[in-house]
2 protein chains.
Amino acid sequence: MAITTDAIGAANGFAGVQSVTRACVLLDVLARDGQLGVTEIGRRCDLPKGTVHRLLMTLECRGYVERAAQDGIYRLGLKLFELGSLVLDRRELVTEGRRHVVRLMEESGETVHLGIMDGGHIVNLAVQEPPQAIRVVTPVGGRSPIHCTSTGKAIAAHLPPSDLQALVAEYGLPRYTANTLSDMDVWLADLAEVRVRGFAVDQEEHREGGRSVGAPIANHTDTVFASISVTGPTHRFTSEQIALFADMVCDAAADISRSLGAGSQAVAIIRGNSRKGVIVRE
Amino acid sequence: MAITTDAIGAANGFAGVQSVTRACVLLDVLARDGQLGVTEIGRRCDLPKGTVHRLLMTLECRGYVERAAQDGIYRLGLKLFELGSLVLDRRELVTEGRRHVVRLMEESGETVHLGIMDGGHIVNLAVQEPPQAIRVVTPVGGRSPIHCTSTGKAIAAHLPPSDLQALVAEYGLPRYTANTLSDMDVWLADLAEVRVRGFAVDQEEHREGGRSVGAPIANHTDTVFASISVTGPTHRFTSEQIALFADMVCDAAADISRSLGAGSQAVAIIRGNSRKGVIVRE
DNA sequence: TTGCGGTGTTCCGTATCGTGGAACGTCGTT
DNA sequence: AACGACGTTCCACGATACGGAACACCGCAA
């Protein structure tokens, strides 16, 4: 499937500056498919060779792409890494959250994710994997769906209904496993439960054999904008374990929120009204 | 000073696609100065408001920039973080090197840098800081000069003379401290010494009060392309300590090179012909 | 309230600029 | 030697981005 120039929120007519949009598409293609030649890139995004070549040269001048010395194969450049690192530096969330992420990993012995919402998806800002043999691996910077992960649902639960409608209208509730909540009403009911409990649970809704527990993080304006979660194989996520993990995750989320300046009432909401147990689908 | 649209290697006439180059400049400005409004960005890169606004909207559609909800202030977007993370995933160097970086930090008790050369500078791909109170802090993704850091000199020492000439012709040997080697001949002599010893030493040449020891890393084509170093305050880098650090750093560099598939003769070169001591400038 | 200086945003005629097809040079393979 | 596939260069055309100016909106001060 060719990556198109359709913009993210292009319901309106604005398509953006053509060549800039195209340059972005080239980067998307390189991000998805690794390293490619001019012709191949042209094929994948329906552009003539000449155009692709010109755009790539421009991006190369700026360090956004680079090419293997001999064969003229292009790949993403270090400039992107440089800019990407700057993005995180500006987000106190990561500096504040990192030690909690590590501690939570050590406490739980499972993979910990710290995520933020961006354009209908969850972006993993930090990941800490346990030294376990069987563990979940998700790359830093990777994106996860919002409707079937505990990080996603922890945030979604605190979004205004209109935003949820808009999100679902745009992305739908695509099915990943047999357990994915792909019905709007069921999903909304689950989110309501998340609000009551204070934490979200993903029971193999995203990946077969994987469960996770996540809690929301609020900032100084008392708005939920991020979340933290532990993830692991189903057999280590029994009802009792989930209850234990939930306590740890909520504590961590509350700590991070406080250190970001969230008010005590927001923290109380995060911690949930009741810690009633989770019914595990066996 | 306004950031211009001059390309990196624009000795030739090719200036790139105008709007793409401009978009890159906008990102550079945002990277340097944090978050800015449309007018201010326009001022800093000499573009009319309308143009800046149109370009920013395009970049926003793609997630390369984002804006605070209320005030229309732009900043770098998470898409850049996403792409930046991918750049590293593709570089086996980082996955192979990270555990060595951590081990070296623990062994030495000092800050460890893993760097690669890009466009006349060293980019720090990984940094590990010790839990010391006094320590060197350099952000991941940050750039360092090549002529006055141990990471830089470790790589430069194994570059062909013509490349060195070209680098100096373009960037010069700017002085950072009183110790900076800013004379070409002196610098080349230092690099020759690096080749003999197998490791490079920076004696407050980059930062007042900071010393570092670095060794080159070769890949499967037996080409030096990266380096690893320990950095710390001068008082912890005596002649004896430097000798100890040098052993550790060279071992780590050799290990990483081997795991990247470097041949044994390349590793031998990296390890240097003689480990004769370093004369410390007091 | 009424201005004012500062934003961000939109508009539209113009000519600049990017476009893309086709031709070229250069490999490696048959 | 001929082919195919690649990256690169070229150039006339016209679509496209440009940018100045007008607009809308705020917060502030008089």
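Any value given below was found using the heavy atoms of this structure, including those in side chains, with hydrogens, waters and symmetry copies removed. Being a predicted model, the structure only gives us computed values, none of them experimental. Lettering follows sequence order; numbering is per chain, from 1.
- Taking atom CG of residue A:Leu55 and atom P of nucleotide D:dA17, one finds them 12 Å apart after rounding to whole Å.
- Spacing between atom CG of B:Leu36 and atom P of C:dG6 amounts to 17 Å, rounded to whole angstrom units.
- Taking 4.5 Å as the limit, every side-chain heavy atom of A:Ile73 sits out of range of all side-chain heavy atoms of A:Leu36.
- Across the interface with DNA chain D, nearest-nucleotide mapping of A:Gly37 and B:Gly50 shows A:Gly37 to be the residue nearer the 5′ end.
- Between B:His121 and B:Tyr171, the ring center distance clears the sub-6.0 Å criterion.
- Taking the charged nitrogens against the carboxylate oxygens, A:Arg143 and A:Asp118 do have a contact shorter than 4.0 Å, which makes a salt bridge.
- In this model, a side-chain donor or acceptor of B:Lys49 finds a partner on the base of C:dG8 within 3.5 Å.
- Proximity of B:Trp187 to B:Val168: side-chain heavy atoms (C-beta onward) are separated by under 4.5 Å at one or more points.
- Taking only side-chain nitrogens and oxygens, A:Gln18 never comes nearer than 4.0 Å to OP1 or OP2 of D:dA15.
- Within the 4.0 Å cut-off from OP1 or OP2 of D:dG7, not a single side-chain nitrogen or oxygen of A:His53 is found.
- For A:Ile73 and C:dC27, the CD1 to P distance is 16 Å, given to the nearest whole Å.
- For A:Arg67 against D:dG7, no side-chain N or O and base N or O form a donor-acceptor pair under 3.5 Å.
- Between the P atom of C:dG8 and the CG atom of B:Leu26 lies a distance of 13 Å, rounded to the nearest Å.
- Contact annotation: B:Arg54 side-chain N/O to D:dA17 OP1/OP2 distance is not under 4.0 Å.
- Residue B:Thr51 places at least one side-chain N or O closer than 4.0 Å to OP1 or OP2 of D:dG19.
- Checked against D:dG19, C:dT19, D:dA17, the side chain of A:Arg22 finds its nearest nucleotide in C:dT19.
- Projected onto DNA chain D by closest heavy-atom contact, B:Pro48 and A:Val38 fall at different nucleotides, the more 5' of which corresponds to A:Val38.
- Separating the CD atom of A:Gln35 from the P atom of D:dG7 is a distance of 13 Å, rounded to the nearest angstrom.
- Checking the phosphate oxygens (OP1, OP2) of D:dC6, a side-chain nitrogen or oxygen of A:Arg43 falls inside 4.0 Å.
- In this structure, B:Leu56 places its CG atom 14 Å from C1' of C:dT7, rounding to the nearest Å.
- In this structure, CD of A:Glu40 is placed 12 Å from C1' of D:dA5, rounded to the nearest angstrom.
- For the 3.5 Å distance criterion, the side chains of B:Ser19 and A:Ser19 qualify, holding a donor opposite an acceptor.
- Within the 4.0 Å cut-off from OP1 or OP2 of C:dC17, not a single side-chain nitrogen or oxygen of B:Ser19 is found.
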